[in-house]
Trainee: 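Please see the structure below; I have some questions.
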Number of protein chains: 2
Amino acid sequence: MSQPLTRPKVRDAEATKARLLQAGTEEFAAHGIAGARIDRIEAAANANRALIYSYFGSKDQLFDAVMDANVARVLDEVPFKPEDLPGYAGRLFDFLVANPHLLRLATWHRLERADTGHEPQGLRASVRMKTESIARAQAGRRLTSGFTPEDVYAFTMALASAWMEASPYAPAALSEDQLDARRSAVVEAVRRLTTPTKEETS
Amino acid sequence: MSQPLTRPKVRDAEATKARLLQAGTEEFAAHGIAGARIDRIEAAANANRALIYSYFGSKDQLFDAVMDANVARVLDEVPFKPEDLPGYAGRLFDFLVANPHLLRLATWHRLERADTGHEPQGLRASVRMKTESIARAQAGRRLTSGFTPEDVYAFTMALASAWMEASPYAPAALSEDQLDARRSAVVEAVRRLTTPTKEETS
DNA sequence: ACCTACCATATAACTGGTTATTTAGTGCAA
DNA sequence: TTGCACTAAATAACCAGTTATATGGTAGGT
């Protein structure tokens with residue numbers, strides 16, 4: 001995770017970009033855009049600061065690149081299946097437990113960057129795909145029609161990240177059992193929200 | 001909301017502190033701690049910057065004071081009743097729609113200040129009171145025992161703020177009708193989560 | 001194989017504007 | 001005249017971004 005980032009023996013622009021993205025991910029997740037320090041990224045990436053400007057353009061643009069890379073990673077690693085929203089919530093919960101800094105990163109983006117209109121690459125398309133497949137599942141009576149597809153999506157996301165948002169104090173000090181219990185609660189909550197009511201199935 | 005803050009004719013330290021807290025609330029909600037600028041607070045509060053240091057101590061301590069004041073306000077304005085969690089979620093939703101900057105403020109606190117151990121005055125006590133009264137309601141079979149009191153609380157909070165977290169883009173452009181629909185969805189979601197299941201009531 | 005000119009990669013030092021915080025004081029009111 | 005509210009100006013550190021320079025790999029000529 002936070003091993004020192006080592007340079008390859010040969011010069012390699014791609015590898016340097018990757019180190020800068022990795023160091024930027026950690027720095028931005030910890031301190032946000034305004035709080036991030038170029039010299040810390042420089043040191044952590046084991047690369048010169050001027051390369052940030054030649055490869056990415058500016059601090060803000062490095063943040064955008066960091067977001068793009070990590071959004072792509074989440075979309076890749078947490079598959080979405082509209083017929084199993086509780087399972088999706090559980091997998092998302094697992095991912096956030098394993099990568100709490102990425103939730104912080106997304107939050108910083110919302111606070112500091114969303115109003116600039118710069119959205120992470122692929123995010124909007126992915127959300128549209130998800131809500132549309134939720135709509136299809138609703139039409140097929142496989143999940144409740146009591147909420148709009150956007151509601152279902154927003155609630156699922158909110159429940160999966162509820163615990164990380166709610167407990168800023170001592171978030172890491174959780175036993176395996178406690179973690180399992182919370183995961184089950186999230187899955188069960190999404191199940192209660194999304195299973196069709198009796199009237200809907202009749 | 002953002003009228004220029006005017007000074008009284010006579011010198012009045014309390015009034016100046018109040019202006020600094022108000023200006024600080026808006027500045028910190030907009031930019032966070034690292035992004036906030038003392039000179040903007042000074043200008044918006046119509047007060048000299050040195051007063052910030054003599055009354056509050058530092059930029060960080062001004063932020064803490066701002067948090068304390070606004071947490072007190074929320075606790076005061078959004079009454080909690082464990083027997084009506086859906087209603088509580090609805091009122092919280094209303095409050096957040098009316099004061100979106102306070103959700104931002106709380107989020108900045110989580111990101112920038114929570115790990116310092118400085119909690120807003122009264123928050124921990126209030127959360128304990130809420131979870132304990134949820135536990136009593138569960139014991140009295142008035143709400144589901146399928147979740148721990150902490151789960152119930154975290155989920156309720158998450159659902160009430162789900163929409164604000166989920167839609168950073170064009171959050172203000174919502175018609176009255178759309179807002180009502182979202183509110184209803186939140187209330188219904190909390191109702192589905194918290195009403196006892198058939199087995200529980202039998 | 002060897003040379004060499006070229007260019008992308010990389011670096012250290014610098015610049016100029018910004019920013020939190022302090023200081024030394026002014027003036028009002030009791 | 002004492003203490004408090006308030007102010008303007010100074011200070012010292014900080015920090016994003018730039019520049020001038022060095023270095024290593026390599027394509028192409030001999």
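Proteins get letters first, then strands, A, B, ... in listed order; numbering begins at 1 in each. Quick caveat: nothing in here was measured; it's all calculated off a predicted structure.
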Trainee: Under the 3.5 angstrom rule, does the side chain of B/R49 hit a backbone N or O of B/D39 as a donor-acceptor pair?
Mentor: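 Such a contact is absent between B/R49 side chain and B/D39 backbone.
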
Trainee: Which is it for A/S133 and A/F80 under the side chain to side chain contact (heavy atoms under 4.5 Å, CB included) test, yes or no, and what are the steps along the way?
Mentor: CA-CA 10 Å; A/S133 68; A/F80 177 81; 3.3 Å; yes

Trainee: D/dA16 P sits how many Å from A/H31 NE2, rounded?
Mentor: 12 Å

Trainee: Check whether the side chains of A/R192 and B/T144 place a donor and an acceptor atom closer than 3.5 Å, and report yes or no.
Mentor: yes

Trainee: Just the rounded figure in Å: distance from P of D/dA10 to CG of B/D39.
Mentor: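 Spelled out: CG on B/D39 to P on D/dA10 is 17 Å.
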
Trainee: Ignoring backbone atoms, test whether A/T16 places a side-chain nitrogen or oxygen under 4.0 Å from the OP1 or OP2 oxygen of C/dA10.
Mentor: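 It does, given that an N or O in the side chain of A/T16 lies less than 4.0 Å from OP1 or OP2 of C/dA10.
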
Trainee: Quick one: A/E14 CD to C/dA8 C1', roughly how many Å, whole number?
Mentor: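 Distance, rounded to whole Å: 12 Å.
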
Trainee: If we ignore hydrogens and angles and just use 3.5 Å, is the side chain of A/E112 paired with the main-chain N or O of A/I33 as donor and acceptor?
Mentor: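 It does hold such a pair.
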
Trainee: Give me the residues of residues 50-64 of chain A where at least one heavy atom lies under 4.0 Å from an atom of DNA chain C, by number, or none.
Mentor: A/A50, A/L51, A/Y55

Trainee: Measure from CD1 on B/I38 to P on C/dA20 and round the result to the nearest Å.
Mentor: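 Result: 5 Å.
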
Trainee: From NZ of A/K17 over to P of C/dT9, roughly how many Å is that when rounded to an integer?
Mentor: 7 Å

Trainee: Under 6.0 Å from the ring centre and within 45 degrees of the ring axis: does the NZ or CZ of A/K130 meet both conditions for the six-membered ring of A/Y153?
Mentor: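 Relative to the ring axis of A/Y153, which defines the angle, A/K130 lies outside at least one limit.
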
Trainee: Considering only nitrogen or oxygen atoms on both sides, find all protein atoms under 3.5 Å from nucleotides 21-25 of chain D and state each distance.
Mentor:
residue	atom	partner	partner atom	Å
D/dT23	O2	A/R11	NH1	2.8
D/dT23	O2	A/R11	NH2	2.8

Trainee: Counting distance only, does the side-chain N/O of A/N99 pair as donor-acceptor with the main-chain N or O of A/H101 below 3.5 Å?
Mentor: no

Trainee: Begin with the C-alpha distance, continue with both residues' side-chain angles, and end with the deciding distance and a verdict on side-chain hydrogen bond (donor to acceptor under 3.5 Å, both in side chains) for B/S58 and B/Q61.
Mentor: CA-CA 5 Å; B/S58 69; B/Q61 285 173 285; 3.3 Å; yes

Trainee: Have a look at B/A15 and say if it touches a base, only the backbone sugar-phosphate, or nothing, with a 4.0 Å heavy-atom cut-off.
Mentor: nothing

Trainee: Sequence neighbours left out, what pairs pass ring-ring contact (aromatic ring centres under 6.0 Å, His included) with at least one residue falling in residues 36-77 of chain B?
Mentor: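 Pairs touching residues 36-77 of chain B that pass the test: B/F28-B/F63.
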
Trainee: Which part of the nucleic acid, if any, lies within reach of B/R37 when heavy atoms closer than 4.0 Å are counted: base, sugar-phosphate only, or nothing?
Mentor: sugar-phosphate

Trainee: What is the nucleic acid contact for B/A34, judged by heavy atoms within less than 4.0 Å: base, sugar-phosphate only, or nothing?
Mentor: nothing

Trainee: Starting at the 5' end of DNA chain C and moving along, which residue's nearest nucleotide shows up first, A/N48 or B/R49?
Mentor: A/N48

Trainee: Rounded to the Å, how far apart are B/R40 CZ and C/dT19 P?
Mentor: 8 Å

Trainee: Treating B/Q121 as the side-chain partner and B/M67 as the backbone partner, does any N or O pair qualify as donor plus acceptor under 3.5 Å?
Mentor: no

Trainee: May I have the distance from A/D12 (atom CG) to D/dT26 (atom P), rounded to whole angstrom?
Mentor: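 Spelled out: CG on A/D12 to P on D/dT26 is 11 Å.
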
